[in-house]
Amino acid sequence: MSQLRTRFAPSPTGYLHIGGLRTALYSYLYAKKNNGKFILRIEDTDQGRYVEGAVEIIYRTLRETGIMYDEGPDVGGDFGPYIQSQRKNEYLAYAKQLVESGHAYYCFCTEERLASLPDVNGARRYDKHCLSLSKEEVEARIAAGEKYVIRQNMPTTGNTTYHDAVYGDITIENSELEDQILIKSDGMPTYNFANVIDDHLMGINCVMRGIEYLSSTPKYNLLYDAFGWERPMYIHMPPIMKDAQHKLSKRNGDASYEDLVKKGFLKDAIINYIALLGWSPKDDSEKMTFEQLKEKFDIVGINKSPSIFDPVKLAWLNSLYIKEMTPEDFSAYAAPWIEDTYLKDFDRALVCKLIQSRIETFAEIPEKLRFLVEYGTFDNQLYTNQKQKTDAALAKEVLPQIKQAFQAVETWDNQNLYQALVALAQSLQMKNGKILWPARIALTGLAATPGGASEIAEIIGKEETLRRLDFAIAQLN
RNA sequence: GGCUCCUUGGUCAAGCGGUCAAGACAUCGCCCUUUCACGGCGGUAACACGAGUUCGAUUCUCGUAGGAGUCACCA
């Protein structure tokens, strides 16, 4: 058997959305799993939809996520060029070949005539009007400079069947197939045509794509048959949904890969999560490295039904990846979220240590630590804690002593600070909580904070710690 | 509307004729604990419906319902 060759063929119309990224990922994984090649081809036959910079986003995203293509526009290969607009001169000849063999024909119908065709529930079916034109008439009209398109001549009877690796055998009546346009009046091929020609020319023998192509695949197969080419293996994939009714899409303002990164998700977590959307490994693994994904990926694990993108589960996975980062990596990655805020005034390492195990996405950082800079009047009821058996009265008694203990600390770090508090508790013959709880409340005015009293004191510094203690004491009187 | 596909807990998702119907996220409770978080333990929660086939259906078949895709000189 010849080497497996898969491809990812996006249109440069903007960000690479999650669905597209998953298609690329699966195609890549499947190729690599089978020692095959993964090819990137840019499908830009619709000049009207071309978006500046979109191609670069595709390159960058694939590189960043590790989905490396063996052949593509910017890496070369033996089957280039890999950008369809640069191949436009090839398609017409193939279309003409089909005209010769009777599988396609010239069509001169105007937009008006097309619009006058009977409307069946919002859809108009071309009536093969130009199929009956004589060869002479066709030549004369072309010579006269009349605009034309080339249409595929579909059989009107019978049916065509093909096998899809995930959906099984798909059979469609030929009468359902429209005489689709192969070459547009601007001379460019339609996606439907260029796609088949290029896949064949590039030796693609495995086509992985979204389910939206499931029912038009017979048209492509008819093209392969007309040319006498071998049909590729097809793997269609279910859509990724935003909710039960709506597909995830850029148009709906749903997150693209880049948006997710900006929201503080790690690329490894994103890839790991989308690999799991619509596919599951035999052994039930969830957190997997890219290497493990390559080992475990298999088309039998691909699901048939749509799956809903769950940002909550993504966040959970993200938190797992965050926790295993080294403090240095975490600090470096968190830098943008820290630089932009008041947090830059604090010791970076201490702040990072405090939050690394407490965030699921980096975007949570500023809000989570706002209390480090915001402090003011708070409800003395916060001193009341059932479990620690503390209340405002106790705080009033103990806070001045806490202040004294802190003042005596020579080296201002968490360890010493904590020891000072514990020692105070011991000398007062109290449980640690009776000191620790009021101390933390006094320092933050918050029922819940990341970290405890001593950690927070360490970060805000001695001066601020004492200032807050004075404030809290004053507030109790 | 025609055609094609899909349907297991709130979500992801195992299962491929016989299971007390896995696991994960979320949720709830307990433990740990300096609050929060982490971690540990446990609970709640599902085979869309109706017929068949079968000794036996979540698994097979057919209907029904619901959902998705498609029906472009867009990809």
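In what follows, every heavy atom counts, from backbone to side chain, and hydrogens, waters and symmetry copies are set aside. By convention in this document, chain letters (A, B, ...) are assigned in the order of the sequence lines, proteins followed by strands, and residues within each chain are numbered from 1.
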For B:rA46, which nucleotide is its Watson-Crick or G-U wobble mate, given both distances must be under 3.5 Å? none
If we take the C1' atom in both B:rC38 and B:rC32, what is their distance in whole Å? 10 Å
Looking for any heavy atom pair under 4.0 Å, which part of the strands does A:Y418 touch: base, sugar-phosphate only, or nothing? base
Can A:R141 be said to sit on top of A:Y148's aromatic six-ring, NZ or CZ under 6.0 Å from centre and within 45° of the ring axis? no
So, do A:Y273 and A:F309 have ring centers that fall under 6.0 Å from each other? yes
Does A:S216 have a side-chain nitrogen or oxygen under 4.0 Å from the phosphate oxygens OP1 or OP2 of B:rC71? no
So, do A:Y375 and A:F471 have ring centers that fall under 6.0 Å from each other? yes
Could you check which nucleotide pairs with B:rU59 in any of the strands shown, counting Watson-Crick or G-U wobble with both distances under 3.5 Å? none
For A:V312, which contact category applies under a 4.0 Å heavy-atom criterion: base, sugar-phosphate, or nothing? sugar-phosphate
Does the distance from a Lys or Arg side-chain N to an Asp or Glu carboxylate O, for A:R113 and A:D127, drop under 4.0 Å? yes
Any side-chain N or O of A:S307 under 4.0 Å from OP1/OP2 of B:rC12? no
Under 3.5 Å between N/O atoms: give me all the protein pairs with nucleotides 2-8 of chain B, atom names plus distance.
from  : atom 1 : to     : atom 2 : distance (Å)
B:rG2 : O2'    : A:E176 : OE2    : 3.4

Would you indicate what A:Y273 reaches in the nucleic acid, counting non-hydrogen atoms under 4.0 angstrom: base, sugar-phosphate, or nothing? nothing
For A:F330, what residues pass the ring pair (Phe, Tyr, Trp, His ring centres under 6.0 Å) criterion, not counting sequence neighbours? A:F362
Taking A:K313 first and then A:E286, would you say they form a salt bridge - that is, a charged N and a carboxylate O separated by under 4.0 Å? yes
For residues 379-389 of chain A, which residues have at least one heavy atom under 4.0 Å from RNA chain B? A:K387, A:Q388
Applying a 3.5 Å limit to both distances, which nucleotide forms a Watson-Crick or G-U wobble pair with B:rC30? B:rG40
Contacting residues from residues 183-197 of chain A, given that a heavy atom lies under 4.0 angstrom of RNA chain B: A:K184, A:S185, A:Y191, A:N192
Return the set of residues passing ring pair (Phe, Tyr, Trp, His ring centres under 6.0 Å) with A:F297 (not counting sequence neighbours), or none when no residue passes. A:Y26, A:W279
Closest to the 5' end of RNA chain B, once A:K313 and A:V120 are matched to their nearest nucleotides, is A:V120
Is the shortest side-chain N to carboxylate O distance from A:K282 to A:D298 below 4.0 Å? no
Categorize A:T449 for me: base, sugar-phosphate, or nothing, with a 4.0 angstrom heavy-atom threshold over every strand shown. base
A:T444 near the nucleic acid: base, sugar-phosphate alone, or nothing, with a heavy-atom cut-off under 4.0 Å? nothing
Any donor-acceptor pair, under 3.5 Å, between the side chain of A:R440 and the base of B:rU35, if you only look at N and O atoms? yes
Of the listed nucleotides B:rA22, B:rC25, B:rG15, the one nearest the side chain of A:D284: B:rA22
Report the residues that fulfil side-chain contact (heavy atoms from CB on, under 4.5 Å) with A:K88, sequence neighbours left out, ordered by chain and then residue number. A:M188
For a quick check of understanding: with a heavy-atom distance under 4.0 Å over all strands, which category does A:G451 fall into, base, sugar-phosphate or nothing? base
When both hydrogen-bonding distances must be under 3.5 Å and the geometry is Watson-Crick or G-U wobble, what is B:rA65 paired with, if anything? B:rU7
Winner on side-chain proximity to A:S280, out of B:rC12, B:rA13, B:rC36, is B:rA13
